[in-house]
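In what follows, chains carry the letters A, B, and so on, assigned in the order in which the sequence lines appear, proteins first and then strands, with residues in each chain numbered from 1. All figures in this text were calculated on a predicted structure; none of them were measured in a lab.
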2 protein chains.
Amino acid sequence: MEEKIIPDIIVGRMPIYLRALQRMAEEGRHTTSSQELGERLGISAAQIRKDLSQFGEFGKQGSGYSIQFLAEQISKILKVNRVWDMAVVGAGDIGSAVARYQGFANRGFNVIMIFDNDPEKIGMSVGPFIIQDSATLETAIQQTGIQVAMISVPSSEAQTVADRLVKAGIKAILNYAPISLNVPEGVYVQYIDPVIHLQRMTYYL
Amino acid sequence: MEEKIIPDIIVGRMPIYLRALQRMAEEGRHTTSSQELGERLGISAAQIRKDLSQFGEFGKQGSGYSIQFLAEQISKILKVNRVWDMAVVGAGDIGSAVARYQGFANRGFNVIMIFDNDPEKIGMSVGPFIIQDSATLETAIQQTGIQVAMISVPSSEAQTVADRLVKAGIKAILNYAPISLNVPEGVYVQYIDPVIHLQRMTYYL
DNA sequence: TAGATTGTTAATCGATTAACAATC
DNA sequence: TAGATTGTTAATCGATTAACAATC
């Protein structure tokens, strides 16, 4: 009944914490503190403790946090203690690179299909996948019941593709096209546009 | 002498405004308002006016903003009314896709070289570039005097590459490796990690 | 002119930090 | 035990919004 609403800005930092913890685990470390984590990430120790306290009590006074335990807890919070299947729409350079990318598997995601509308590309393979005809996108997505998709088509087609994905039941879209998408309530969009990041830095040069 | 410090969060929204304005220009539009821009971007009109007012007065009461004029002004503010040459380090799937990407040119950036340390790759071509030996990275970068680079090497090598880039004079790094980098004062880093964005959405699913 | 929309001020809202009792 | 570090409260800081005079 009572669902505390967690500020989005805090939700957005949890994946960063998780990534750092998983890296520490790879380094063979077992415990850490809010201070150490903060130093690695350039975030204050107080903020890390405050953020985590939104979701529960995960540490021990005096000794800090178990890296493995905290990583497991954050994984559960973010629902990445499971694997989400994904579709990639657009088999250009970016879409193909994403489809072949090996770094999703152990972080909760798994590409299972890729689409394009170019007759030259349909039927060709990208990594372990055969490029499917975009026309069959709705059927294929509905059949598998996946909820996560990535858009890597030209800007001019991105909104149309997004509309079709939403109709097919997709709830989360990672958009590589450099354009803002309109989606209905209950559908989430995140953007990746390298130029936005680059322009943000040149201001300071 | 007097340099007003603009909050980074505002600087970070300027590229978003610029992208939307350039898109409107492509659509053949000539003027817009803070309200229209806000609706497109999901940002309040008041915030857009407040943000822009940090840098000057660009609008006209009653009629709003000239799209072309405002885009030019923001381009100047972000220093993308020129073209920044860039180096790409790491010629894997992501690095290669980035090197071939056609969308930088008209937004202020231009890849001019790509490096890798794999003997199998050195000498091969990626788009219009020949992959150069990473060992020659410092020399090549110093010679050309470029200030912007992208890292697309495995996480384990990313910090070392960053250190070398900084020594070679790079001031802005776009890092595709899923790891936080430590760089000295005066060097800027931005991160692209698709998984971070995906995990931020699954929380809400 | 009347209507529209800016730039800016003041009010509100939310996020970050500092500090510390609790306790491992 | 003494030292360290959590979780939390209160204080500070900063960002967003609402409102409106100015004016095109």
OP1 or OP2 of dG7(C) under 4.0 Å from side-chain N/O of R49(B): no

Distance, rounded to the nearest Å, where Q54(A) contributes CD and dT16(C) contributes P: 11 Å

E57(A) CD - dT5(D) P separation (whole Å): 18 Å

Side chain of S53(A) (C-beta onward), nearest among dT16(D), dT8(D), dT6(D): dT8(D)

Nearest-nucleotide 5' precedence on DNA chain C, S63(B) against A46(A): S63(B)

Minimum heavy-atom distance S180(A)-Q159(A), with the two atoms named: O-OE1, 4.2 Å

Nearest non-hydrogen partners of F58(B) and L52(B), listed with the distance: CE1-O, 3.6 Å

Length of the CD-P vector between Q73(A) and dT6(D), whole Å: 16 Å

Any side-chain donor near an acceptor of the partner, D51(A) and Q47(A), under 3.5 Å: no

Least distance between heavy atoms, P178(A) atom then Y101(B) atom: CG-OH, 4.2 Å

Below 4.0 Å: OP1/OP2 of dT16(C) and any side-chain N or O of S44(A): no

Presence of Y65(B) side-chain N/O under 4.0 Å of dG7(C) phosphate oxygens OP1/OP2: yes

Value in whole Å for how far the P atom of dA10(D) lies from NZ of K50(A): 11 Å

Residue-phosphate contact under 4.0 Å: Q61(B) side-chain N/O, dA22(D) OP1/OP2: no

Side chains of Q68(A) and E72(A), donor plus acceptor under 3.5 Å: yes

Under-4.0 Å side-chain N/O to phosphate OP1/OP2 contact, S34(A) with dT6(D): yes

Side chain to side chain contact (heavy atoms under 4.5 Å, CB included) partner of I170(A), the single match among V183(A), V187(A), L165(A): L165(A)

Each stem that DNA chain D is part of, given as range with range (3 or more consecutive Watson-Crick or G-U pairs, under 3.5 Å): C:3-24 with D:3-24

Rounded interatomic separation in angstrom, taking CZ from F55(B) and P from dT6(C): 17 Å

Candidate pair L198(A) and M86(B), rule side chain to side chain contact (heavy atoms under 4.5 Å, CB included), full reasoning: CA-CA 10 Å; L198(A) 291 167; M86(B) 297 189 293; 3.8 Å; yes

